[in-house]
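Notes follow the structure.
Side-chain atoms are counted along with the backbone in the values below, which use heavy atoms only and exclude waters and symmetry mates.
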Amino acid sequence: MTPAARLSAAIEILGAIDAQRIPAPNALKEWGTAHRFAGSGDRAAIAGLVFDVLRRRASSAWLMDADTPRARLLGMLKLERGLDADAVAALCDGGRFAPEPLTDTERAALTSRSLKDAPAHIAGDYPEWLDPQLAAVFGDERAEEAVAMASRAPLDLRVNTLKAKHEKVLASMAHLGARATPWSPWGLRIDLGADARNPGIHSEEAFIKGGVEVQDEGSQLAAWLSGAKPGEQVIDMCAGAGGKTLALAAMMQGKGRLIATDHDKRQLAPIHERLSRAGIHNADVRTPRGPDDTLSDIRESADLVVIDAPCTGTGTWRRNPDAKWRMRPGALEVRIKDQIAVLDRAASLVKPGGRIAYITCSVLPQENNEQVRTFTERQPEFTVVPPSQVASVLWDKADDFIAATLQSPEGLLMTPRRTGTDGFFVSVLRKAG
């Protein structure tokens, strides 16, 4: 397919997303099924265009003064891809499979309009109803923080230290452009371009042998800050597919007891194969069965309970940009109730002197600072361990890392702008005794 034909395809897919109200991956899959002539390179390039439009949806519509799939695509080509009006016009020449030529109005918008006077939610490309929440966290810098949250994410990997050494895996993946992550002692990073294809990590020898896993650096650091130690009894209450469970197991060096569970047994399905490939033998996966409590045998005996809490996922917008436009206020209310329930459940599992690591992939204060504050009011035997104290005993980059995060009395917040990771909030709470 020509570059112009790819633009036409992206406009068609964006129209389907609007009309059918379906997630972008579904729309891309349906288009690919109906257009089997498109090769893998074409599909990757078209997906890149669609996701870039979703990243810059509000600002592109503002720039073009029109909120249509075509207008948003044209605006994105200037704002995200850096094309000027002549370059855009060369692609939109009305030829076979190409978009129609630019109108005078479109050319004028691409030539003269900018985001100089755009409000924060337009410049930062997020729903207007979220502006008060983001202002509460970031203040006047919310647009800049949101722009970083709308950027493309790299592919981050975590070296499994139970099976491999960081230096050797890094060398084995040099052909993919892998480099060490800035903060995580386990991490590798592969930067991806706008039209990049999947680098095929699952076919790499290091992955097949369990030496590496896909995991954002922020998620790695969230697990790292929990401070799980060899010989401890650790419970991963919201284990899902097992990303943090695997990281916790590596920290425990295969020693101690690691229990992984989740209220949704469907989320747990991949964890068994991942644990096996990673060579983890001290993990007990507890799948929910009816109304029975999977943790009924544990009362005030856990050294550490890790809560990767159900949340709105605002911290992962750069990986799932259409999610922010589908998010509704009601979803936040539901998640807050879920978080209260899981925190109070965890409180009964921790032994005196033990701790809870409360983690979200959200930047919203209701799910982070406010949630921790109200928890300590309900459960006064728990107090927040200062983030600097948590990190200082872990690694030599702790001081610089803490300085890069946004700190509060309740915990620390990583963001794409500050730490180059997804958005993660981490709070460690210790039980008296």
N-O pairing of Arg179 and Asp191 below 4.0 Å: yes

Donor + acceptor pair across side chains of Asn368, Tyr358 (<3.5 Å): no

Phe401 and Trp395 aromatic ring geometry - parallel, tilted or perpendicular at 30°/60° bounds: tilted

Leu130 side chain near Met327 side chain, heavy-atom distance below 4.5 Å: yes

Note: Glu232-Arg355 ion pair, threshold 4.0 Å (strictly below): yes

Glu80 and Arg55 ion-paired at < 4.0 Å: no

Basic-acidic side-chain contact under 4.0 Å: Asp67, Arg72: yes

Under 3.5 Å donor-acceptor, Lys244 side chain and Ala222 backbone: no

salt_bridge(Arg417, Glu141) N-O dist < 4.0 Å: yes

Presence of salt bridge, Arg335 and Asp338, under 4.0 angstrom: yes

Residues which pass side-chain hydrogen bond (donor to acceptor under 3.5 Å, both in side chains) with Asp42, listed by chain and number, not counting sequence neighbours: Arg6

Stepwise side-chain hydrogen bond (donor to acceptor under 3.5 Å, both in side chains) test for Thr415 and Glu145: CA-CA 8 Å; Thr415 70; Glu145 290 281 353; 3.0 Å; yes

Atom of Phe97, atom of Ser8 and distance for their closest heavy-atom approach: O-OG, 2.7 Å

Among His166, Gln220, Gln215, side chain to side chain donor-acceptor pair (under 3.5 Å) partner for Ser184: Gln220

N-O pairing of Glu273 and Arg277 below 4.0 Å: yes

Geometric class of the Trp31/His35 ring pair [parallel <30°, tilted 30-60°, perpendicular >60°]: parallel

